[in-house]
Amino acid sequence: MRKLSFGRAINEALDQEMGRDDKVFVIGEDVAQMGGDFGVTQGLWKKYGEKRVKNTPLSEAAILGIANGAAMAGLRPVAEIMFADFITECYDQLVNNSAKVHFMFNGTVTCPLVVRTVNGAGFHAAYHHSQTPEAWFLNVPGLYMVAPSTPYEAKGLLIASIRNDNPVIFLEHKLLYDMEGEVSEEPYTVEIGKAKVKKEGKDATIITSQRMVYLALEVAEELSKEGIQLEVIDLRTLFPFDKDTIFDSIAKTGRVILINEAPKTGNYVNEISQTINEEMFEFLKAPIKRITGLDTPTAFAPKLENYYLPGKKDIIEEVKEIVEY
Amino acid sequence: MRKLSFGRAINEALDQEMGRDDKVFVIGEDVAQMGGDFGVTQGLWKKYGEKRVKNTPLSEAAILGIANGAAMAGLRPVAEIMFADFITECYDQLVNNSAKVHFMFNGTVTCPLVVRTVNGAGFHAAYHHSQTPEAWFLNVPGLYMVAPSTPYEAKGLLIASIRNDNPVIFLEHKLLYDMEGEVSEEPYTVEIGKAKVKKEGKDATIITSQRMVYLALEVAEELSKEGIQLEVIDLRTLFPFDKDTIFDSIAKTGRVILINEAPKTGNYVNEISQTINEEMFEFLKAPIKRITGLDTPTAFAPKLENYYLPGKKDIIEEVKEIVEY
Amino acid sequence: MNLSKRVLKELYYNMVLIRDFEDMVDKYAKKGYIPGFIHLSTGQEACQAGVMLTLKETDYKFPDHRSHGVCLLSGTPKERVLAEIFAKKTGISGGRGGSMHILDIKCRNMGFNAIQGANMVTCLGTAFASQYNNTQDVTAVFCGDGTIGRGEVHEGMNIAAKWKLPIIYVLVNNEYAISTRVESVHSYPKNLSDRAWGYCIPNEVIDGNDVIAVYKASAKAVKRARDGEGPTVLELLTYRWQGMFSGDPAAYRPKDEVKIWKEKRCPIKRLREKMISDKIFSAEEVDELNKQSLEEIEGMLKYAIESPEPEPQDALKYIYAGKEVEGR
Amino acid sequence: MNLSKRVLKELYYNMVLIRDFEDMVDKYAKKGYIPGFIHLSTGQEACQAGVMLTLKETDYKFPDHRSHGVCLLSGTPKERVLAEIFAKKTGISGGRGGSMHILDIKCRNMGFNAIQGANMVTCLGTAFASQYNNTQDVTAVFCGDGTIGRGEVHEGMNIAAKWKLPIIYVLVNNEYAISTRVESVHSYPKNLSDRAWGYCIPNEVIDGNDVIAVYKASAKAVKRARDGEGPTVLELLTYRWQGMFSGDPAAYRPKDEVKIWKEKRCPIKRLREKMISDKIFSAEEVDELNKQSLEEIEGMLKYAIESPEPEPQDALKYIYAGKEVEGR
Ligand SMILES: Cc1ncc(C[n+]2csc(CCOP(=O)(O)OP(=O)(O)O)c2C)c(N)n1
Ligand SMILES: Cc1ncc(C[n+]2csc(CCOP(=O)(O)OP(=O)(O)O)c2C)c(N)n1
Ligand SMILES: [Mg+2]
Ligand SMILES: [Mg+2]
């Protein structure tokens with residue numbers, strides 16, 4: 001199959017959806033002529049014109065306001081917030097508007113919008129360009145959240161998100177943009193709400209997403225040489241997440257490690273943990289462990305930033321601890 | 001001892017701290033002449049004047065901006081955000097500024113501010129006046145979060161918060177304002193980071209906060225008649241929370257119920273659960289259960305709103321389930 | 001431009017209906033029929049009646065929190081507006097929203113968002129959709145003087161102007177936010193809406209208690225918007241007779257201020273006197289309209305009172321499109 | 001007002017220093033010495049040098065992301081500014097912030113908040129503190145034309161004006177946000193800063209490449225603020241010679257546009273020619289200043305290169321006042 005980068009896969013998804021449905025439009029800062037700060041929307045302005053590829057001023061609240069209003073009026077906006085850290089500036093529109101529209105209108109209106117945004121550390125961009133907002137949005141009924149790790153899934157999940165009638169926060173990890181992978185040319189969807197077992201194993205289950213999937217796979221590879229067989233689950237959709245795949249794995253392994261690069265306290269993965277606790281307690285052979293970023297802002301200097309991020313060593317240690325528990 | 005309402009206890013804390021330290025000032029919408037939407041700042045404007053009791057326009061981002069800037073410059077702002085639901089409008093200032101100031105300045109500056117805000121359901125005020133923002137702020141290193149349940153603790157914790165050098169989100173439950181309780185006249189502090197066992201018991205531990213403490217106590221009372229002895233812990237400080245008190249209780253009971261009125265998915269209590277899981281797994285005799293609001297916005301009609309909120313019946317059911325587990 | 005008898009009659013009737021509605025709501029709130037809190041627009045009827053009569057059902061409306069009248073006049077079954085306020089299952093939003101959240105997509109009442117200022121950017125989206133779909137529908141957004149403090153006002157006006165969006169800003173300046181007078185917390189030249197100049201948006205300052213003036217100015221703004229000439233700000237000078245909410249003693253404002261507005265500047269009395277002195281209507285005809293209004297209110301009230309409350313499980317509906325939520 | 005020889009010399013030297021600094025940073029970024037991304041202010045030196053010379057060390061400064069010069073001239077040990085950009089332990093922020101986050105409370109450099117617009121409300125707080133403590137310190141906040149889109153600009157200006165806060169808004173209008181030209185996304189009368197009128201804030205539009213004009217206008221605004229007369233907006237018309245960040249090809253703008261600014265409107269060349277033709281300095285004296293600057297840069301560079309990197313555990317420091325954070 002043809003290979004594409006993660007960024008180009010997203011671009012292709014946007015292009016194909018805009019081609020398919022003229023209610024789909026793209027909006028954000030510098031998304032038009034320039035094609036976005038990370039180049040993801042390149043070519044769309046030329047092909048679909050000013051009307052459907054809208055540059056805005058630095059006005060994040062307005063970007064989401066327009067998306068919400070337009071979605072209520074029947075369009076299907078795909079809004080870009082340049083860095084996930086800036087989503088704080090349109091937090092109100094997402095929490096109090098997008099998430100609640102369907103409820104407010106008593107089911108007579110939906111809010112089919114996608115907010116694409118760029119998250120993650122490792123870019124040496126310091127604490128205002130490195131965050132991951134998952135947990136900020138998890139206690140807000142009404143929102144979907146998607147976070148792919150491969151170009152194939154990025155394309156399929158974005159198409160599914162655009163076609164979904166719920167507001168979807170679509171996270172793109174900045175360090176994955178250049179990663180290459182096989183991507184079908186024709187439009188296709190990857191089902192929202194389905195995780196994927198990226199490696200099978202019987203000794204413990206690692207549940208993670210985005211860039212951390214690769215770290216988990218590396219560790220799994222390494223530990224398999226020592227006879228420890230890890231199962232690695234890529235969540236892909238953070239909400240609604242895939243209980244079945246998770247539970248099936250735990251029924252088999254009885255041991256769980258959750259990895260996520262946001263800070264530890266209040267981390268997104270706590271929800272996965274508590275759900276497992278509630279419904280799979282009798283299968284647990286060891287405490288559910290989480291390996292996360294530190295409880296600090298993400299510092300600039302690479303030495304500091306690397307220390308912030310979960311590393312192989314941290315994972316290996318925890319795996320050994322629970323496997324021997 | 002003299003009795004005061006929860007609202008008056010907070011008022012007294014503000015008054016006494018303003019009297020003690022002329023760096024303390026109060027800012028927010030309608031906090032001056034009117035004394036705040038819930039009357040909590042009444043009398044302060046008259047006593048301390050225009051300079052130290054500042055009315056603002058409807059500008060939540062600016063309220064927090066002023067608080068942040070003033071705190072960096074050495075003052076001690078106490079900002080009021082009228083309803084916690086509106087904190088979404090100054091979310092950026094809290095997440096990307098208050099929380100990070102100490103880090104940004106490499107320890108040479110602190111950000112000693114308090115954001116008082118009003119949370120909680122049960123007031124029939126619908127989905128934009130009923131939310132509880134705990135989980136929105138938990139994955140943000142740098143912030144403290146306090147949530148008292150009695151007038152005595154409200155006064156002592158607010159004084160402690162004002163004197164604390166970290167930015168503190170101080171949650172006041174709107175249905176507790178009129179509750180009366182004994183409050184010492186002289187200024188005093190209740191230590192931040194300390195929970196309180198509000199009822200001792202040996203069969204299971206309920207961990208909760210704010211209004212839900214009373215629901216838990218009612219249930220505990222009721223179940224004690226059936227011979228089930230519940231321990232009820234009032235967290236009082238949501239971050240940093242009191243591991244010692246929690247762990248001591250669990251070492252004794254081995255069973256945990258977490259109650260919180262925000263929606264279930266991504267709820268604040270997941271952090272408590274995961275921490276227990278990590279550090280007290282071997283003591284657990286049953287799954288940790290959470291009883292929360294539903295995964296819906298808070299609806300207006302009392303019938304709907306009551307259904308949204310955790311009720312006695314829900315708690316009793318879960319308690320029985322885990323006690324018999 | 002002289003208004004037709006039909007238009008005058010509608011303006012008058014609609015104002016009276018809003019007045020009667022608010023009085024009734026106030027009374028039933030105090031009697032304990034209405035949960036939560038209620039913002040009444042008594043005294044501001046001309047703003048709502050005047051603007052609404054210039055809009056079509058396909059135009060988007062964003063009422064603010066003090067806009068029962070906008071909701072009543074938007075085309076929704078009126079009794080279902082009241083049922084919503086009464087927290088009934090038959091309420092237009094199923095009793096989920098109440099007084100602050102009355103929405104009806106059928107007549108494009110997009111509802112009030114109780115986060116003040118939020119609608120000032122959401123309204124861009126519906127206006128953009130009209131432009132995108134090349135319809136002539138306009139978007140009217142109501143906003144108080146206090147709400148002008150919020151950042152969205154700026155983000156919104158800048159983009160509305162730049163994109164020439166078909167928006168009518170109805171800035172209802174009733175002199176107060178909650179307790180703060182407009183000039184005590186805002187810095188502006190002569191009129192609050194003069195700031196529109198900074199975005200190249202025309203603004204007009206109008207006596208908001210003169211329904212004819214409001215109607216004419218709004219009709220002009222609507223025409224501009226429909227013709228693709230972009231947004232207009234209408235600043236309507238008015239006053240709320242009640243406090244911030246039903247039951248607010250409003251100790252923050254002088255008693256005679258209220259008195260003057262009630263006695264000398266009542267928008268309804270004013271139109272009534274004009275219609276009679278201009279000999280367009282007889283006093284009896286006008287009285288008849290007042291009577292009709294009360295009858296209409298009676299009907300709504302009966303409906304609201306007799307309607308059933310929602311079932312608890314209704315709370316679980318319509319959280320997600322195509323996904324259920326767990327109940328208890 | 002004629003500027004003294006000392007002032008002219010400082011203005012010139014400071015501009016040259018900023019230019020040399022940015023050129024060096026650009027070079028070392030491209031060589032791989034500097035992690036992350038870097039926004040250069042080459043071409044905009046007059047804005048920073050002109051304003052900074054009118055401020056005292058006790059005045060609060062809020063640089064924006066394109067403000068290495070503001071940080072250099074604020075009183076911080078300059079080599080520690082560079083060390084910060086180089087991600088070194090000796091950096092003024094310990095290597096935690098880098099190019100976008102250079103802060104130093106000692107000289108009241110309050111740092112850039114990389115959330116554009118946020119500083120437009122934070123600056124109210126320091127200005128308020130000065131007013132509260134009855135000091136005469138002013139607050140200068142730098143902000144680009146693009147950033148004017150954000151809601152905080154509005155919330156901030158309204159309150160600054162109403163409270164007569166001692167703020168100087170330095171609106172650096174370099175015609176572009178990232179790829180968007182100022183007039184393509186903003187709607188405003190003649191000048192972007194004309195909107196200040198809507199808040200009763202005086203604004204002045206100045207050739208931002210004429211350092212003398214900038215200096216004079218800034219001195220006047222600072223005086224107004226110190227005298228308790230409130231905020232001023234200075235709109236400085238300028239241009240960034242580089243792209244958005246070091247390495248940005250800036251394909252979104254015409255080549256000759258850049259050429260004209262570089263060749264015809266260089267703020268340094270302009271002052272140099274004036275100083276020589278006015279016979280205040282000889283060409284040799286000026287050349288000597290240029291030489292000095294390069295030497296100063298050499299010193300900073302040596303310091304930054306030779307400084308150690310931070311220890312991983314340094315990341316754990318100063319998250320909370322009085323509370324430790326767990327490491328690995
Ligand atoms: C973001 C936000 N801040 C504060 C409030 C609380 N609040 C509701 S209405 C109001 C005053 C609004 O004043 P104005 O816009 O003049 O409308 P009026 O009540 O006078 O009709 C305030 C402060 C809110 N709902 N949302
Ligand atoms: C809230 C927010 N939105 C977007 C960005 C991304 N961003 C950084 S600088 C910039 C352009 C700023 O333009 P301007 O204010 O004119 O400053 P200039 O770069 O021209 O100096 C953008 C869009 C950001 N950092 N913060
Ligand atoms: Mg008002
Ligand atoms: Mg610019």
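The chains referred to below are lettered A, B, ... by the order of the sequence lines, with proteins before strands, and numbering in each begins at 1.
Proximity to chain B among residues 79-88 of chain C is limited to C/E84, C/I85, C/A87, judged by heavy-atom separations below 4.5 angstrom. Contact residues of residues 306-320 of chain C toward chain B are C/E309, C/P310, C/E311, C/P312, C/Q313, C/D314, C/A315, C/L316, C/I319 (heavy-atom distance under 4.5 Å).
Atoms CD and CE, on C/Q116 and B/M82 in that order, are 9.5 Å from each other to the nearest 0.5 Å. Atoms CZ and CD1, from C/R328 and B/I291 in turn, are 8.5 Å apart once rounded to the nearest 0.5 Å. Atom OG1 of B/T88 and atom CD1 of C/I115 lie 5.0 Å apart (nearest 0.5 Å). Atom CZ of B/F300 is separated from atom OG of C/S93 by 10.5 Å, given to the nearest 0.5 angstrom.
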How far apart are the C-alpha atoms of C/M100 and B/H128, what are their side-chain angles, what is the distance that settles it, and do they pass the side chain to side chain contact (heavy atoms under 4.5 Å, CB included) test?
-> CA-CA 9 Å; C/M100 285 190 288; B/H128 286 157; over 6 Å; no
Please test B/D37 against C/I178 for side chain to side chain contact (heavy atoms under 4.5 Å, CB included), starting from the C-alpha separation and ending with a verdict.
-> CA-CA 8 Å; B/D37 204 35; C/I178 296 184; 3.9 Å; yes
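Across every non-hydrogen atom of C/H101 and B/A126, the tightest pair is CD2-CB, 3.7 Å. Across B/T296 and C/V325, no two heavy atoms sit closer than the pair CG2-CG1, 4.0 Å. The nearest pair of heavy atoms linking B/A125 to C/F37 is CB-CE2, 3.8 Å. Nearest heavy-atom pair across C/A177 and B/L58 is CB-CD1, 4.0 Å. Listed here is the closest heavy atom pair of B/K264 and C/E326: NZ-OE1, 3.4 Å.
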